[in-house]
Amino acid sequence: MKSTINPARVDFVTLRLFCAVVQSGSITKGAAQCHLALSAASRRLSDFESATGTQLLERSVQGVTVTPAGHAAAQHAMRLFQGFELFSTELADYSEGYRGHVRLWANMSALTEFLPTVLSDFMAFQPGIRVDIEEQLSGDIVRALLDGLADLGVFAEGTPSEGLTLAPFRKDELVLLCVRNHPLGKFRKIAFADSLDHDFVGLNRGSSLLELTSRAAANAGRPLRLRVQVRSFDAMCQMIAARLGVGVLPLAACKERLGPRGLKAVRLTDDWAHRHLMLGYSAARPLSAAARLMVEHLQLPAGDAKESGYSA
């Protein structure tokens, strides 16, 4: 018969300490992160190994090495500790009059085009749920979901997302933006490859949109002639209006800026110009009740939120 760990011999301070030691590779650094004396930390780790009945760490003058059993223990300890943090956060929200808390990370396209209206509707239906929103790059959003820093994420389709549960959120159309009297402004639609003789304005390195257009240029056997890189869609529109180049943007993000700035959106005939934004969350951690409600709301077809009428 297999022996089981006595829960009375394990506490969350020890779990947090163990995770800190595994991540830092040092008992001294782990103890400092957890504000524990080195002797107390060493004793807690020894007691933890005794409770599990196996060696989790190999100690040496260079630091600690995690054993295979230690790696398994660290994964479970992290889940337990994150679950406790979620438990603690939700109860704190209730004590302050909230009925839940959701951490939502989204890329620039989602925040600019779709989420303001969707979140406004959600928070009108659910005034007791607090929502923290961060704009991040798609790759960073996936890592945050896997690490437990975010509950829900909206990011570009095609971002590596192993370990997440995914669902389509919205479709956006990418267009080529230029000034009206630009040589490309005479077209209603073009293939992206036909624009590569011209200078481009793009977003900063790491953005999914820049990666997409750079990959499309490489597939066409041509370089992407980036003349200017900026941090936002609005800045892109300003640079394009100043005749510093053309750029690829979501149509919804630039259509209200076309007339006032003398810009034209030229449709792209490439398949990749019609892309999905994905809703994702960790497959390894259960969602809170508040996060589940937001998932239901985000998966409603556009325009249907006001008819949903659901409540917490």
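Positions are given from 1 along the sequence.
Under a 3.5 Å cut-off, the side chain of Arg227 and the backbone N or O of Val246 do not form any donor-acceptor pair. A donor-acceptor pair under 3.5 Å links the side-chain atoms of Ser42 to the main chain of Leu38, judged by distance alone. Judged by distance alone, the side chain of Thr67 and the main-chain N or O of Leu56 form a donor-acceptor pair under 3.5 Å. In terms of modelled atom types and a separation under 3.5 Å, the side chain of His297 and the main chain of Val118 share a donor-acceptor contact. The main-chain N or O of Arg180 is never found under 3.5 Å from a side-chain atom of Lys186 such that the two would form a donor-acceptor pair. Checked by atom type and distance alone, the side chain of Gln126 never pairs as donor or acceptor with a backbone atom of Gly128 at under 3.5 Å. Without hydrogens or angle criteria, Thr52 side chain to Glu49 main chain gives a donor-acceptor distance under 3.5 Å. Using modelled atom types, no side-chain atom of Thr159 and backbone atom of Phe155 make a donor-acceptor pair closer than 3.5 Å. In terms of modelled atom types and a separation under 3.5 Å, the side chain of Ser207 and the main chain of Leu203 share no donor-acceptor contact.
Residue pairs meeting the ring-ring contact (aromatic ring centres under 6.0 Å, His included) criterion with at least one member in residues 239-278, sequence neighbours excluded, are Phe192-Trp272.
A 4.5 Å side-chain heavy-atom check between Val21 and Gln33 finds every atom pair outside the cut-off. Put simply, the side chain of Arg225 does not reach to within 4.5 Å of the side chain of Leu196, judged on heavy atoms. Using a 4.5 Å cut-off on side-chain heavy atoms (C-beta onward), Asp199 and Val228 make no contact.
Of the charged side-chain nitrogens involved, at least one lies within less than 4.0 Å of a carboxylate oxygen, so that Asp11 and Arg44 count as a salt-bridged pair. Ion pairing between a basic and an acidic side chain is recognised when a charged N comes within 4.0 Å of a carboxylate O; Glu173 and Arg275 show no such pairing. Salt bridge status for Asp132 with Arg103: absent, with no side-chain N to carboxylate O gap under 4.0 Å. Here Lys189 does not pair with Asp270 in a salt bridge; the nearest charged N to carboxylate O distance is not below 4.0 Å. With salt bridges taken as basic N to acidic carboxylate O contacts below 4.0 Å, one links Asp197 and Arg222.
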In sequence, state the C-alpha distance, the side-chain angles, and the governing distance for Arg261 and Asp234, and then conclude on salt bridge (charged side-chain N to carboxylate O under 4.0 Å, His left out).
CA-CA 11 Å; Arg261 293 180 177 170; Asp234 188 60; 3.3 Å; yes
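For the residue pair Ser50 and Asp47, no side-chain donor N or O sits within less than 3.5 Å of a side-chain acceptor on the partner.
Interatomic distance, Tyr281 OH to Ser288 OG, rounded to the nearest 0.5 Å: 12.0 Å.
Take Phe169 and apply the ring-ring contact (aromatic ring centres under 6.0 Å, His included) test, not counting sequence neighbours, and it matches no residue. By the ring-ring contact (aromatic ring centres under 6.0 Å, His included) test, Phe12 pairs with Phe84, sequence neighbours left out.
Side-chain heavy atoms closer than 4.5 Å link hydrophobic residues (I, L, V, M, F, W, Y) into clusters, and following such links, possibly through other members, connects Val266 to Met236.
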